Amino acid sequence: MAKTISPLTLFLFFLLSSISLTLATDYPLFTKSRWIVNKKGHRVKLACANWPSHLKPVVAEGLSSQPMDLISKKIKDMGFNCVRLTWPLELMINDTLAFNVTVKQSFERYGLDHELQGIYTHNPSIVNIPLINAFQSVVYSLGRHDVMVILDNHKTVPGWCCSNDDPDAFFGDPKFNPDLWMLGLKKMATIFMNVNNVVGMSLRNELRGYNHTAKDWYMQKGAEAVHTSNPNVLVILSGLNFDADLSFLKDRPVNLSFKKKLVLELHWYSFTDGTGQWKSHNVNDFCSQMFSKERRTGGFVLEQGFPLFLSEFGTDQRGGDLEGNRYMSCMLAWAAEKDIDWAVWALTGVYYFREGKRGVVEAYGMLDANWHNVHNYTYLRRLSVIQPPHKGPGIKHNHHKKIFHPLTGLCLVRKSPCHESELTLGPCTKGEPWSYSHGGILEIKGGHKSCLEGETVVGRSVKLGKKCTKIEQISATKMHLSLKTNDGSLVCLDVDSDNNVVANSCKCLTGDITCEPASQWFKIF
């Protein structure tokens, strides 16, 4: 490790640190049972986007395409209140890389002349500053736009992640020395000690590899190292098997010397349980199995009184990924019901340099290749339902239900305020006072109660009225809402091409692996 740090670098380092003192809000954050709360004890829900900064240039992606303040503003405008900002461990344990390599030099090293010219155009102030100062600049830009930051130690060596063959996959691997890891965490925690919008540190991304075991899970030591260096931040611990499994903690509590700062994280993608699974099973049955599996591997921590942070999920936003599309409706229903904290992968429009290739477009990205426009507005609308908190300390409880349609990101609403209105899909922000009783009555409460009627036929609109019919949650997922029509036929709520709610024959309940049930999925939460 190099020891030489120039006076200019030290000046910039302390100047950026002093700027942080001007930030003021209800930070730091704490935990209260399964919730993350502010100093007043009110819930703060993390609704984040992942912003990669761990690849070979070690510069936050996108700065060759747009000014960092514009990107920060865009994050806020899209409804996110948080960024999971990734970083490689070498940024903290290799002083030469952190303090003596400038942004310009890093881009030149990889022949990224075109991308460097973009930095000159859009973010000239960072061209000639060290990599650690550029990293700090991004954090402060986010702070100026009231966006919280989770600092995520993604890997050791800068580059793309992740595979079982990586030399930094698990503790003890050639590039994963636990002592250096803890040293790097301490240094990063100390640098951002007084930076109010840095609310948490995710200690390591996706533990994996051929030798990874619960016995050698050193996360508790890392948590203690971070808390000693910066007691303000939440400490976020990942599990095993690419962060898809926390089940080993069910009978092995995390024992720490401090309280009210521990969060556990989980990842869930369509490929988490193996490629092809969403194609080779009935979607309804498999989604139900995933609900049970997620409870076993991670959701149980909510019942134990710890926050669960779904720190990576997402799918190909271009629409052609059958498995991803099926998974996404299932995952969103689960996330809405559990009201968990989360971070979508990823903000990225295009990468500077990924796996030896320049200008790789991120199919999962929230922004387009120019880092300017939303990549897929329908996808963002679907996420918007899980962005606000729906329950928890300090959240106004009206005891009303929402009836969420995961496929569209919309909710069941009245077409008109009249007593016998037909039903359609509309924004979930519309405060429809739905109630669903144990007797199966789905009704709108208020001045004039009206309930879902059964006087309809297949293919016709469903409406409210006074002649209540029993609505049952059928199928393995309990997301098919069924009723009996005038002639005694069993039908399910469905959605037509204009988003009107209609009665159709219940489909895809079980067995058929080619059937798509999502138009008939409604999650009551």
Side-chain angles (χ1 to χ4, degrees), residues 284 287-288 329-330 332-334 336-337 381-382 385 390-391 397-510 515-525:
N284 203 61
C287 179
S288 177
S329 291
C330 179
L332 283 172
W334 177 80
E337 180 183 40
R381 184 179 68 196
R382 296 173 78 188
V385 180
H390 297 289
K391 52 191 174 183
H397 294 281
N398 56 23
H399 304 292
H400 296 151
K401 301 289 187 183
K402 290 185 184 294
I403 305 173
F404 172 45
H405 191 247
L407 179 63
T408 59
L410 299 170
C411 284
L412 200 63
V413 299
R414 291 170 286 188
K415 263 192 172 182
S416 70
C418 72
H419 179 66
E420 296 184 347
S421 173
E422 292 181 347
L423 295 173
T424 188
L425 296 181
C428 292
T429 51
K430 187 175 181 181
E432 295 281 32
W434 285 106
S435 171
Y436 183 66
S437 70
H438 292 297
I441 302 302
L442 191 59
E443 64 181 334
I444 291 274
K445 290 190 172 181
H448 297 282
K449 290 184 180 179
S450 54
C451 55
L452 212 65
E453 289 191 336
E455 293 192 353
T456 187
V457 295
V458 172
R460 298 292 297 274
S461 297
V462 175
K463 68 176 184 177
L464 298 171
K466 295 181 180 179
K467 298 178 182 179
C468 304
T469 191
K470 186 176 181 179
I471 305 295
E472 292 192 78
Q473 296 173 291
I474 63 170
S475 77
T477 58
K478 304 299 182 187
M479 289 198 287
H480 284 81
L481 301 185
S482 70
L483 65 151
K484 288 189 176 179
T485 63
N486 299 340
D487 61 5
S489 302
L490 185 70
V491 296
C492 284
L493 299 191
D494 205 339
V495 178
D496 68 15
S497 58
D498 295 318
N499 283 343
N500 296 312
V501 177
V502 297
N504 276 327
S505 298
C506 300
K507 62 181 181 179
C508 316
L509 298 184
T510 190
C515 192
E516 302 296 337
S519 71
Q520 291 188 353
W521 274 357
F522 293 86
K523 171 58 73 172
I524 301 175
F525 71 95

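Everything quoted here is computed from the prediction, not taken from an experiment.
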How long is the straight-line distance from [atom2] of [Y] back to [atom1] of [X], given to the nearest 0.5 Å?
{"X": "W521", "Y": "S475", "atom1": "CH2", "atom2": "OG", "value": "8.0 Å"}
{"X": "E432", "Y": "H400", "atom1": "CD", "atom2": "NE2", "value": "10.5 Å"}
{"X": "L452", "Y": "I441", "atom1": "CG", "atom2": "CD1", "value": "9.0 Å"}
{"X": "K463", "Y": "S450", "atom1": "NZ", "atom2": "OG", "value": "11.5 Å"}
{"X": "E453", "Y": "L464", "atom1": "CD", "atom2": "CG", "value": "8.0 Å"}
{"X": "K484", "Y": "L490", "atom1": "NZ", "atom2": "CG", "value": "7.0 Å"}

L481 and its side-chain contact (heavy atoms from CB on, under 4.5 Å) partner, picked from I471, I474, L412 |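 Single side-chain contact (heavy atoms from CB on, under 4.5 Å) partner of L481 among I471, I474, L412: I471.
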Given 3.5 Å as the limit, does a donor-acceptor pair link the side chain of [X] with the main chain of [Y], or not?
{"X": "R460", "Y": "A503", "answer": "no"}
{"X": "K402", "Y": "C428", "answer": "yes"}
{"X": "Y436", "Y": "I403", "answer": "no"}
{"X": "R381", "Y": "T408", "answer": "yes"}

Where [X] and [Y] come nearest, the two heavy atoms and their spacing:
{"X": "C411", "Y": "F404", "value": "SG-CA, 3.8 Å"}
{"X": "M479", "Y": "C287", "value": "CE-SG, 4.1 Å"}
{"X": "P406", "Y": "S329", "value": "CB-O, 3.4 Å"}
{"X": "S435", "Y": "K401", "value": "CA-CG, 4.5 Å"}

Between [Y] and [X], is there a side-chain heavy-atom distance shorter than 4.5 Å?
{"X": "T424", "Y": "V413", "value": "yes"}
{"X": "F522", "Y": "H405", "value": "yes"}
{"X": "I524", "Y": "W434", "value": "no"}
{"X": "L493", "Y": "L483", "value": "yes"}
{"X": "V385", "Y": "L332", "value": "no"}
{"X": "T485", "Y": "V457", "value": "no"}

Side chain to side chain contact (heavy atoms under 4.5 Å, CB included) assessment of K478 paired with S288 | CA-CA 8 Å; K478 304 299 182 187; S288 177; over 6 Å; no
Is the count of non-hydrogen atoms from other residues, nucleotides or ligands lying under 6.0 Å from K470 atom NZ greater than 12?
->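 Atom NZ in K470 is not crowded, with 12 or fewer foreign heavy atoms closer than 6.0 Å.
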Summary of side-chain hydrogen bond (donor to acceptor under 3.5 Å, both in side chains) pairs that have at least one residue in residues 492-507, sequence neighbours excluded =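 side-chain hydrogen bond (donor to acceptor under 3.5 Å, both in side chains) check on residues 492-507 returns K415-N500, D494-N504, D494-S519, D494-Q520, D496-N500, K507-S519.
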Do the ring planes of H390 and F525 sit parallel (below 30°), tilted (30 to 60°) or perpendicular (above 60°)?
->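 It falls in the perpendicular class, over 60°.
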Disulfide (SG to SG under 2.5 Å): pairs with one or both residues in residues 460-497, sequence neighbours excluded =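 Residue pairs with at least one partner in residues 460-497: C451-C468, C492-C506.
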